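Okay, so here's the structure we're looking at.
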Amino acid sequence: MSRQERVRRFLENRLVQRAVIVVIVVNAITIGMETSSRLMDEIGGLLHAVDRIALVVFTTEIAARLYAYRRSFFKDPWNWFDTVIVAVALIPASGPTSVLRALRILRALRLVSAVPSMRRVVGALLTAMPGMASIIGLLVLLIYIAAVIATKLFGDIVPERFDELPRSLFTLFQIMTGDDWGNVAQDVMEHKPWAWLFFIAYILMSTFVALNLFIAVVVNAMHENEPSAAERQTRAELNAVRQELAALNAKLDQLLLRDEPS
């Protein structure tokens, strides 16, 4: 077995992958602890040491993966993702780039690439982006129409909320998020009691309908990305074949070494 194959099998070992996940979690916790001045006074040296060790582990892992997979390393978008995050951490934390030190916490995002279930969720979200873009466009159109109507109807009676289109857009966005919409509706209803019809219709359309559409699109994308039972069985069989081939290669290497003249 070649050295490259041994490195690849080492990186694909489940214990090694779990160890990397542990390092990611510990490093994220220590970076969060550095925001406490009291902890920095007491164990600041230890926190910095853990941070440097984690950075060495991440850099070594990326280098090992690059050595093991060679050109195929760059075909996986998750490898690019991990490389960029680690590269940001290698930028000097002094001078004009000192602001980038706060970006060290981005290393916690490596959990997304290290945990298969998280990768599937992110993949589903990316798959759902075209459908989500259509829903966002529909929502923007709905808010714009409602803002124009609200400005015409309520601009004179509640100018601090609906005097102009930009202010009406902001107010309706605030209502869509559920922030203090009751008080806004009460201010308008003091002058126009029927205004509750407008607010209820707007909230139903913008919040409940749009939110359910978002959920439906994401759930559908996750369902499509979830491998079927046949696909899982095929992957298990392929893994078994790969292991058998690796074992055969190891035996062939041993036989060739025995046959070589001393």
Side-chain angles (χ1 to χ4, degrees), residues 28-29 31-39 81 84-85 88 98-109 111-112 115 117-226:
I29 293 173
I31 292 176
M33 294 172 66
E34 289 181 12
T35 60
S36 171
S37 57
R38 182 177 63 83
L39 291 176
F81 178 79
V84 170
I85 289 178
V88 169
S98 60
V99 68
L100 296 178
R101 184 172 177 81
L103 299 181
R104 291 180 305 147
I105 191 58
L106 292 179
R107 295 181 213 166
L109 289 176
L111 277 175
V112 176
V115 180
S117 59
M118 289 188 180
R119 287 204 302 267
R120 286 195 295 269
V121 171
V122 174
L125 289 174
L126 294 176
T127 304
M129 286 303 295
M132 294 174 65
S134 300
I135 297 172
I136 291 173
L138 178 62
L139 185 60
V140 169
L141 180 61
L142 173 64
I143 295 176
Y144 176 77
I145 293 173
V148 172
I149 295 175
T151 303
K152 296 292 186 179
L153 295 177
F154 313 134
D156 294 335
I157 58 177
V158 190
E160 67 275 12
R161 302 281 192 178
F162 301 103
D163 61 339
E164 295 180 355
L165 183 61
R167 194 182 300 275
S168 296
L169 287 170
F170 180 80
T171 301
L172 291 178
F173 180 80
Q174 174 185 344
I175 293 174
M176 184 187 68
T177 62
D179 179 23
D180 199 33
W181 78 270
N183 290 330
V184 176
Q186 288 293 336
D187 292 342
V188 177
M189 290 171 61
E190 288 180 0
H191 302 275
K192 296 186 177 182
W194 55 265
W196 62 271
L197 292 170
F198 171 84
F199 290 105
I200 290 180
Y202 171 75
I203 291 173
L204 287 175
M205 292 298 297
S206 64
T207 303
F208 296 105
V209 174
L211 178 61
N212 286 328
L213 286 174
F214 273 114
I215 294 174
V217 169
V218 173
V219 169
N220 183 60
M222 292 184 67
H223 179 72
E224 291 179 353
N225 286 352
E226 187 70 21

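This structure is a prediction, so every number in the text was calculated from the model and none was measured.
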Going through the distances and angles, do Trp196 and Met189 end up as a side chain to side chain contact (heavy atoms under 4.5 Å, CB included)? CA-CA 7 Å; Trp196 62 271; Met189 290 171 61; 3.8 Å; yes
Give every donor-acceptor pair under 3.5 Å between a side-chain atom in residues 143-151 and any protein atom, sequence neighbours left out.
| residue | atom | partner | partner atom | Å |
| --- | --- | --- | --- | --- |
| Thr151 | OG1 | Ala147 | O | 2.7 |
| Thr151 | OG1 | Ser168 | OG | 2.6 |

Quick check for you: to the nearest 0.5 Å, what is the distance between [X] atom [atom1] and [Y] atom [atom2]?
{"X": "Phe170", "Y": "Glu164", "atom1": "CZ", "atom2": "CD", "value": "15.0 Å"}
{"X": "Thr171", "Y": "Asp179", "atom1": "OG1", "atom2": "CG", "value": "10.5 Å"}
{"X": "Phe154", "Y": "Asp187", "atom1": "CZ", "atom2": "CG", "value": "12.0 Å"}
{"X": "Leu138", "Y": "Leu213", "atom1": "CG", "atom2": "CG", "value": "7.5 Å"}
{"X": "Thr177", "Y": "Leu172", "atom1": "OG1", "atom2": "CG", "value": "11.0 Å"}
{"X": "Gln174", "Y": "Asn183", "atom1": "CD", "atom2": "CG", "value": "9.5 Å"}

Using only atom types and a distance under 3.5 Å, with no angle test, would you say the side chain of Ser36 pairs donor to acceptor with the backbone of Met33?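 Such a contact is absent between Ser36 side chain and Met33 backbone.
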Flag side-chain contact, heavy atom, 4.5 Å: Glu190 against Val188: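 Result no, sub-4.5 Å side-chain heavy-atom pair not found.
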Minimum heavy-atom separation for Lys192 to Leu153, with atom names?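 It is NZ-O, 2.7 Å.
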Could you tell me which non-hydrogen atom of Phe162 sits nearest to which non-hydrogen atom of Arg167, and how far apart they are?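 So the minimum-distance heavy-atom pair works out to N-CD, 4.3 Å.
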Sequence neighbours left out, what passes side chain to side chain donor-acceptor pair (under 3.5 Å) with Asp156? Give chain and number order.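 Side chain to side chain donor-acceptor pair (under 3.5 Å) list for Asp156, sorted by chain: empty.
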